[in-house]
Amino acid sequence: MEDTPSSNFLQSIISDDIASGRVKEIVTRFPPEPNGYLHIGHAKAISVNFGLAEANHGRCNLRFDDTNPGKESQEYIEAIQADVQWLGYSWDAEVRYASSYFGQLYDWAIHLVTHGDAYVCDLSPDEAREYRGTLTEPGRNSPSRERGVAENLDLLARMKAGEFDEGTKVLRAKIDMSSPNMNMRDPILYRIRKVAHHQTGNDWVIYPTYDFAHGQEDAIEGITHSICTLEFEDHRPLYNWLLEHLPVPSRPKQHEFSRLNPSYTVTSKRKLKKLVDEGVVTGWDDPRMPTVSGMRRRGYTPAAIRKFCDMVGTTRSDGVVDVAMLEFAIREDLNENAVRGMCVLRPLKVVLTDYPSGKVEDLRAAGHPNRDDLGERVLPFTRELYIEADDFKAEANKKFKRLVLGKRVRLRNAYVIEADEVVKDALGNVCEIHAHTIPNTLGENPQDGIKPKGVIHWVSASQGKNAQVRLYERLFNHEAPDRGDNAFMDYINPESLEVIENAWIEPSLAAAIPEQGFQFEREGYFVADRYDHSPDKPTFNRTIGLRDTWDNP
RNA sequence: UGGGGUGUCGCCAAGCGGCAAGGCACCAGGUUUUGAUCCUGGCAUUCGGAGGUUCGAAUCCUCCCACCCCAGCCA
């Protein structure tokens, strides 16, 4: 996993800062709020923050931005840590929590009040909205704005003591109600929330807002480059204002990059949560989810995800990235590293009439076509086999390079066979093929010079094993399901999952370790399910199909 | 009609005054016991538009256009 992060504007900034001596060691942070699972967009942020730290021999913290206890939980905290580790990153020292700075933040709030830079406001949420003005009209000063320092100090202390109800009072910075930047119109610093916090319990009934917490957290941790996404750009003046008005121990700088939007996917915790809550998927780690845990279960590898993030680059322009790029990244990784195997998804029985019944011939096949280090596997060959139903046609034109009645085909890693007759059931459906082997075709072409039309995969009927295989397709039919509010629910692909209960796998595959990835030859890349797979009940998820350039008519 | 951003091939993205990198996708060949991989070749006389500066501009200036973000006591 040797990533060579490509250069980008953030790296340029860092290089300049190091060259100018502004910073000696670079320190970044990944600051998720524990209110949901990490998704591919977070993977990008993780890759950017940890990647930049790594590339510059610096450090990166993992910090939970837990300032809104009502929406957060310990479950998410644990899942997020597991995801970051799985992606292959190590944060500096211990995990950090915004909540562990609540005391310091409160002291700083007092500092602002003392200096006349903040006040306790009595406006209700509705009134506050009205006073804030609009995008084109300035706001009006709150009636509470000119309260004296002593009174503000007293009120703030009483807010902290729990004397007031939620929504009745907030602490606000005194900046400029007529600023064209809405964030500067006396932003709220503290609000009353009488709920227990997952880390601090009932210690607090007032909680700092993102704006009052983030920059100060960065300063406390000595973050040199506070990297976030574009929507926080308008907050930067406030971020700086607070740092300038507070006796903080360091002076971090915020830089924004555009968030990742893969096509055909939704990345918004709210929307992902809805998919989970409404049972569209089985959970946050459903293999169709763009969550880190979902992709993991789907068979994506950390290396592929990191490669993808690197391929996509880091800029300030928004756009939609073709998921084909993500698919390329995982195919590339698995093509190179996954052991091959054969699995028949829709079995059609073939009886080799010239082959002795009861005979089991242990053929050998390479674990990987061009990597000897991946070993080899034993492939039992028998009189009765299964092939893919799609790989047989009684008649077909020359473009069909599979088994045709009266014609030959190579059984992958085994003999060339020729189809002799079709057995049909009462309804006229093909249910069995009778064929015979062409002698001496193990590893060589038929001696009569008549070459097989193609190569198909197969599994011994008596030696193979039954498996459940889940075929996944994209969850949405729309290229950009994320635009619009709830429209994404209308674009859900009803065929995003097909469960095949009786696929037939070669025996070696039953020994797969959960989460081990394979290439099922001619089909695609599959992974032994992280939770459901066992030698007794082999269970595989299709990660991604093989690239298919055959223009099947 | 306020403020902040962004506009380079179908998608992502280099480029920072000297005459359009690369990747994905796609197309055409070659190799192949995976219609996979691999290999070879093709794929922007043009950089949102219009003016201007300059010997010379995607890169500088002016104006215009399009799109994204901001009116949570969310982050």
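Each chain gets a letter, A, B and so on, in the order the sequences are listed, and its residues count up from 1. Owing to the predicted nature of the structure, the values given are computational and were not obtained by experimental measurement.
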By side-chain hydrogen bond (donor to acceptor under 3.5 Å, both in side chains) - contacts of Tyr131(A) (at least two apart) = none
By side-chain contact (heavy atoms from CB on, under 4.5 Å), which residues pair with Ala98(A), not counting sequence neighbours?
-> Asp65(A), Asp66(A), Thr67(A), Glu217(A)
Which is true for Pro369(A) with a 4.0 Å heavy-atom rule: it touches a base, it touches only sugar-phosphate, or it touches nothing?
-> base
Sequence neighbours left out, what passes side-chain contact (heavy atoms from CB on, under 4.5 Å) with Asn35(A)? Give chain and number order.
-> Glu33(A), Lys71(A), Glu72(A), Lys269(A)
Annotated protein contacts, base or backbone, on nucleotides 9-16 of chain B with a non-hydrogen cut-off under 4.0 Å, one of B, S, - each | --BSSS--
Residues 162-196 of chain A vs ring-ring contact (aromatic ring centres under 6.0 Å, His included), sequence neighbours excluded, gives Tyr190(A)-Phe212(A)
Give, ordered by number, those residues of residues 168-185 of chain A having at least one heavy-atom distance below 4.0 Å to an atom of RNA chain B; if nothing qualifies, reply none.
-> Val170(A), Pro180(A), Met182(A)
Arg542(A): salt bridge (Lys or Arg N to Asp or Glu O under 4.0 Å) partners, not counting sequence neighbours | Glu473(A)
Tell me what Thr67(A) touches on the nucleic acid: a base, only sugar-phosphate, or nothing, going by heavy atoms under 4.0 Å.
-> sugar-phosphate
Please collect all salt bridge (Lys or Arg N to Asp or Glu O under 4.0 Å) contacts where either partner lies in residues 438-452 of chain A, sequence neighbours excluded, each pair once.
-> Arg408(A)-Asp448(A)
Test salt bridge (Lys or Arg N to Asp or Glu O under 4.0 Å) applied to Arg132(A) - qualifying residues, sequence neighbours left out = none
Could you tell me which residues satisfy salt bridge (Lys or Arg N to Asp or Glu O under 4.0 Å) with Glu256(A), sequence neighbours excluded, listed by chain and number?
-> Arg236(A), Arg316(A)
Residue-level proximity of residues 227-242 of chain A to RNA chain B when a heavy atom falls under 4.0 Å = Glu231(A), Phe232(A), Glu233(A), Asp234(A), His235(A)
Identify, residue by residue, the members of residues 447-459 of chain A with a heavy atom below 4.0 Å from RNA chain B, and return them in order of residue number, or none.
-> Val455(A)
